Amino acid sequence: MRYSVLTICLAAALAGGCQRDAAPTAEPATPAAAAPATADARLDEHSYAQPDKVRTQDLALALKVDFDAKTLSGSATYTLEWLDPKATQLVLDTRDLTIEKVVGEREDGKWVDLPFALAPEDETLGSKLTIEAPQRNPRIRVTYTTSPEASGLQWLTPAMTEGKKTPFMFSQSQQIHARSWVPLQDTPMVRFTYTAKVTSPQDVMVLMSADNDPNAARDGDYTFSMPQKIPSYLLAIAAGDLVFKPISARSGVWAEPTAVDKSVAEFADTEKMIQANEALYGPYRWDRYDMLVLPPSFPYGGMENPRLSFITPTVITGDKSLVALIAHELAHSWSGNLVTFATSKDAWLNEGFTSYVENRIIEELYGKERADMENVIERNELASEFKTIDPSLQVLSLKPGTLKDPDGSSSATVYTKGAWFLQFLEQRFGREVFDPFLKGYFDHFAFQSIPTTTFLEYLKANLIDKHPGKVTMAEVEQWVYEPGVPDSAPKTASPRFDAVDAARKAWLDAGTLPDAKLSAGWTTQEWVHFLEGMPETLSVDQLSALDAAYRFTGTPNGEIAQRWYPLAVRSGYTRANDAIAAFLQTIGRRKLIMPTYEALVKTPEGLKLAEETFAKARPGYHPITTGSVEGVIAKAKAPPAAK
Ligand code: BES
Ligand code: ZN
């Protein structure tokens with residue numbers, strides 16, 4: 001069942017969920033009415049755990065990294081708080097794990113075998129592990145081995161790395177993939193501290209979302225501690241030929257040796273970003289902030305693993321034009337990692353707040369023009385996504401049962417509408433009121449996981465009621481519970497994009513390319529906007545003219561490639577095919593490559609190129625990306641009725 005979960009995720013994404021890197025369409029992932037949902041606020045519909053009965057306080061991992069077998073094996077020991085006096089079972093989430101043994105610690109300190117049962121696999125949620133603990137043991141230990149196909153891990157052979165000498169492995173736990181490498185209560189409403197002892201081949205450096213020591217001896221034997229309580233989706237591990245270079249006393253980059261210098265140069269503003277965040281929202285509470293630059297197969301842009309954000313190398317363009325990604329992952333240190341959504345239904349509490357903060361930091365460091373351009377790009381995407389996605393996915397606080405797979409939410413809703421709502425509040429109350437309010441919110445709920453309703457109560461008491469006459473709760477409820485974007489949403493103008501629009505129009509109308517003096521100063525955002533405003537298709541001559549002037553085909557900038565190649569494919573510009581194949585084989589970041597696959601599968605020749613390229617690219621893709629591409633190809637080949 002290697003990709004069953006991912007296939008479903010993809011089906012969901014294709015059917016309506018359009019999580020940041022997937023495709024928007026018309027139906028919700030699962031019709032709300034038909035879903036086996038729980039409306040019980042103490043439970044999470046995407047986890048078998050019963051955190052109302054017993055909760056993990058601490059997790060102690062002892063793991064061996066085996067690159068030959070492509071497994072992690074060892075044990076997970078949970079320190080438990082038994083809440084319900086009648087509870088005698090510990091229920092954990094797992095996926096594709098081999099469970100070898102379960103033991104519990106008795107009052108007298110002896111460890112004894114505990115009976116356990118692993119339920120048949122659910123395609124989305126994995127297998128429920130039920131452990132019988134009639135003595136309500138204060139500690140329980142599970143000994144296990146992961147599968148080489150674990151959905152939350154990618155194993156790379158040395159040939160797939162930059163250095164070509166050492167293998168590489170990394171995790172991606174969000175949303176419900178931690179359960180594929182650790183049996184655990186895999187719901188963000190449970191927070192725990194953790195420690196880990198990890199062994200690996202001697203030449204391999206191991207890092208975790210914990211207290212990585214920049215000076216650690218590389219000896220194959222590592223210990224980690226994360227003394228702050230985190231939700232399971234922030235559990236992370238990576239292993240490979242990784243070296244460290246500092247940016248400031250508390251921040252730096254881990255990367256393969258060949259990538260570290262350019263990464264440090266690209267992310268040189270990180271300390272300034274931390275300080276800008278601190279000035280707005282209070283101290284950075286996680287000790288160090290380091291970044292791990294992953295191989296290009298990393299399926300996302302970034303992942304906010306605490307103390308060690310995981311970052312795609314595709315943002316390293318040499319001109320810092322894509323460092324909003326760093327601002328975003330760093331901002332999660334407040335919005336998401338400090339104050340966390342209780343379930344995936346409230347994803348906007350993490351991603352919407354973070355996108356809002358990200359934009360504030362970009363404005364602070366690079367000016368309002370840049371922040372506005374980034375806003376406009378996101379809102380244009382929202383406008384096009386909202387034309388097709390089901391209204392049930394356009395609300396900030398999702399109804400139970402809306403998402404079969406938590407990876408299937410709409411990124412336009414969660415990120416962009418979420419941020420827009422906060423920009424609306426900021427505009428109505430003014431920054432002098434709104435900034436301290438948000439700082440107070442992060443302080444008040446620090447290290448807690450909360451649902452949207454808790455935020456709304458806090459908002460009413462601390463902002464709306466304290467400053468009467470500015471915003472009504474009816475307006476707030478419209479933003480949170482109604483589809484679409486309210487008319488009161490603040491508009492953003494971008495004179496720099498107006499200039500791009502004028503240049504594009506002049507070229508489309510009369511074939512006059514923008515003056516080199518103008519376009520030479522364009523940043524990635526302006527090129528993206530230039531291409532996004534093009535008609536569905538252009539003539540081959542027009543594409544050739546653009547290519548001759550700007551060399552879009554073969555561009556090293558993934559954001560430009562993401563827009564150029566689908567346009568080339570739609571327009572029958574086959575001259576780009578070799579570059580397209582090379583692009584799809586080098587990069588595994590879904591957001592960048594899926595639009596090209598989606599454009600390709602629309603014609604028989606394109607589908608052939610997509611399938612041939614995928615066959616070659618697949619060994620280097622992450623399971624999440626593989627699932628996405630398989631889904632797009634399968635859907636294109638399905639008989640019309642099934643589409
Ligand atoms: N936490 C997300 C990544 C994520 C979300 C992974 C949901 C799995 C499920 C991360 O912070 C993120 O938002 N990454 C974005 C980049 C950002 C600049 C918007 C991405 O990867 O596209
Ligand atoms: Zn995010």
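One is the number of the first residue; the rest follow in order along the sequence. It should be emphasised that the depicted structure is a prediction, and the values quoted were computed from it without experimental measurement. Counting starts at 1 for both ligands and their atoms, in listed order.
- Glu45 and Pro400 make their closest contact through OE2-CA, 3.5 Å (heavy atoms, listed as atom of the first residue, atom of the second, distance).
- For ligand 1, the atoms closer than 4.0 angstrom to any heavy atom of Gly301 are 20 (C), 21 (O), 22 (O).
- Checking side-chain atoms of Arg179 against main-chain N and O of Asp186 turns up a donor-acceptor pair under 3.5 Å.
- Scored by the side-chain hydrogen bond (donor to acceptor under 3.5 Å, both in side chains) test, Ser171 finds no partners at all (sequence neighbours excluded).
- Taking OH from Tyr233 and OG1 from Thr187, the interatomic distance works out to 10.5 Å, rounded to the nearest 0.5 Å.
- For ligand 1, the atoms sitting less than 4.0 Å from at least one non-hydrogen atom of His332 are 11 (O), numbered in the order shown with element in parentheses.
- The aromatic ring centroids of Trp155 and Phe170 lie 6.0 Å or more from each other.
- Taking 4.0 Å as the cut-off, Ala324 does not count as a neighbour of ligand 1 on heavy-atom distance.
- Proximity to Glu329 (heavy-atom distance under 4.0 Å) selects the following atoms of ligand 1: 10 (C), 11 (O), 12 (C), 14 (N), 16 (C).
- In summary, the atoms of ligand 1 found under 4.0 Å from a heavy atom of Asp407, numbered by their order in the structure, are 9 (C).
- Taking distances strictly below 2.8 Å, the protein N/O/S atoms close to the Zn ion (ligand 2) are His328 NE2, His332 NE2, Glu351 OE1.
- Ring to ring, Phe437 and Tyr458 are close: their centroids are under 6.0 angstrom apart.
- When side chains are defined from C-beta on, Arg379 counts as touching Thr416, because their heavy atoms get closer than 4.5 Å.
- Close approach of ligand 1 to Gln172 (heavy-atom distance below 4.0 Å) involves ligand atoms 6 (C), 8 (C).
- Checked against the 6.0 Å centroid criterion, the rings of Tyr281 and Phe353 do not qualify as a close aromatic pair.
- Of the listed options Glu374, His328, Gln174, His328 places a heavy atom closest to atom 17 (C) of ligand 1.
- A salt bridge does not link Glu598 with Lys635: none of the charged nitrogens is closer than 4.0 Å to a carboxylate oxygen.
- The side-chain contact (heavy atoms from CB on, under 4.5 Å) test with Asp372 is passed by exactly one of Lys368, Glu369, Glu374: Lys368.
- Within the listing of ligand 1, atoms 1 (N), 2 (C), 10 (C), 11 (O) sit less than 4.0 angstrom from a heavy atom of Glu304.
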